[in-house]
Amino acid sequence: MKIAIGSDHAGFPLKEEIRKHLGEIGVEYVDCGVYDSSSADYPLQAKATCEKITSGECERGILCCGTGIGISMAANKVKGIRAACCSDYFSAKYTRLHNDANVLCMGARVIGAGAAMELVDVFLTTDFEGGRHQRRVDLITEIENA
Ligand code: RB5
């Protein structure tokens, strides 16, 4: 599985930890920036990262900003993206099982790197349950296409 990652300046330190972690666990990734801590506008990195997914180049994405909220709001404006802002393990697991989330967003000012890596691992290894949840995801897509 190939992953797209991105962040603004506030999320940059956490993105760097994630980059290192993905390397260690052997997950291929594309880094869509930012590449240093200079002030950046998170919708730009959200768009660049999400387009790697909608183009088919990457299967899932991980985005970080200060809270995880702004960058998730921006990501969810990209057609075909289901981004979930998570700071706990249960949510990161169930957003895969029930929502088929394709982007995990986290706040570098909200959670520490240790917890974040556990969220990354469960997000990348949990499959969508389908069934009744597929119908609900389809209804989300209907709203997007209305
Ligand atoms: C940047 O200061 C901060 O606003 C941004 O990283 C994010 O938290 C927005 O939701």
Side-chain angles (χ1 to χ4, degrees), residues 1-128 133 136-146:
M1 183 194 302
K2 195 167 165 187
I3 298 298
I5 61 174
S7 74
D8 70 353
H9 57 289
F12 176 68
L14 183 57
K15 175 177 73 70
E16 289 304 283
E17 293 285 345
I18 292 166
R19 209 161 61 77
K20 206 165 64 184
H21 180 66
L22 293 177
E24 282 165 6
I25 62 174
V27 173
E28 200 184 345
Y29 62 85
V30 181
D31 187 350
C32 301
V34 296
Y35 306 108
D36 61 39
S37 297
S38 314
S39 184
D41 298 328
Y42 58 80
L44 302 178
Q45 288 75 48
K47 184 169 184 282
T49 304
C50 290
E51 283 174 351
K52 295 284 180 195
I53 300 163
T54 54
S55 71
E57 184 180 337
C58 295
E59 194 176 317
R60 290 181 206 159
I62 301 172
L63 288 169
C64 307
C65 67
T67 58
I69 296 170
I71 209 156
S72 67
M73 287 179 168
N76 276 314
K77 298 295 180 191
V78 179
K79 219 177 165 121
I81 294 300
R82 288 177 302 280
C85 181
C86 300
S87 51
D88 66 277
Y89 185 90
F90 184 88
S91 300
K93 179 175 177 180
Y94 274 80
T95 200
R96 285 290 312 135
L97 287 171
H98 288 189
N99 314 130
D100 199 16
N102 49 11
V103 177
L104 171 67
C105 302
M106 293 179 291
R109 296 170 178 163
V110 179
I111 51 168
M117 296 322 136
E118 294 199 343
L119 270 56
V120 166
D121 288 347
V122 76
F123 181 77
L124 296 182
T125 56
T126 304
D127 290 330
F128 179 47
H133 302 295
R136 293 161 187 168
V137 169
D138 290 345
L139 287 166
I140 294 175
T141 307
E142 264 184 42
I143 296 170
E144 187 174 69
N145 292 333

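Indexing begins at 1, ligand by ligand and atom by atom, following the structure's order.
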Do you know the tightest heavy-atom contact between Ser72 and Ala83?
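Residues Ser72 and Ala83, closest heavy atoms: O-CB, 4.1 Å.
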Less than 4.0 angstrom from a charged side-chain N to a carboxylate O is my criterion; do Glu51 and Lys47 meet it?
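Counted as a salt bridge, because a side-chain N and a carboxylate O are separated by less than 4.0 Å.
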Under 4.0 Å between a Lys/Arg side-chain N and an Asp/Glu carboxylate O for Lys79 and Glu144?
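So Lys79 does not pair with Glu144 through a salt bridge.
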Can you report which non-hydrogen protein atom sits closest to [atom], along with the distance?
| atom | answer |
| --- | --- |
| atom 5 (C) of ligand 1 | Asp8 OD2, 3.2 Å |
| atom 9 (C) of ligand 1 | Tyr42 CE2, 3.5 Å |
| atom 3 (C) of ligand 1 | Arg109 NH1, 4.0 Å |

Are Val34 and Gln45 side-chain neighbours, meaning at least one heavy-atom pair lies under 4.5 Å?
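Yes; the side chains approach each other to less than 4.5 Å.
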Exam field: side chain Asp36 to backbone Ser38, donor-acceptor pair closer than 3.5 Å
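Answer holds: yes.
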Check whether any side-chain N or O of Arg82 sits under 3.5 Å from a backbone N or O of Ile140 as a donor-acceptor pair, and report yes or no.
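Checking the backbone N and O of Ile140 against the side chain of Arg82, no donor-acceptor pair under 3.5 Å is found.
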Run the numbers for me: atoms of ligand 1, each under 4.0 Å from some heavy atom of [X], listed by number.
| X | result |
| --- | --- |
| Gly66 | 5 (C), 6 (O), 7 (C), 8 (O) |
| Cys65 | 6 (O), 7 (C), 8 (O), 9 (C), 10 (O) |
| Ala10 | 6 (O) |

Can you tell me how the ring of Tyr94 sits relative to the ring of Phe90, calling it parallel under 30°, perpendicular over 60° and tilted otherwise?
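Parallel: the ring planes of Tyr94 and Phe90 meet at under 30°.
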May I ask you to check if ligand 1 and Thr67 share an N or O to N or O distance below 3.5 Å?
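N/O-N/O distance below 3.5 Å exists for this pair.
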State whether the shortest distance between N or O atoms of Gly70 and N or O atoms of ligand 1 falls below 3.5 angstrom.
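Right, the criterion is met.
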Would you call His9 a ligand 1 contact, heavy-atom distance under 4.0 Å?
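The answer is yes, since His9 has a heavy atom less than 4.0 Å from ligand 1.
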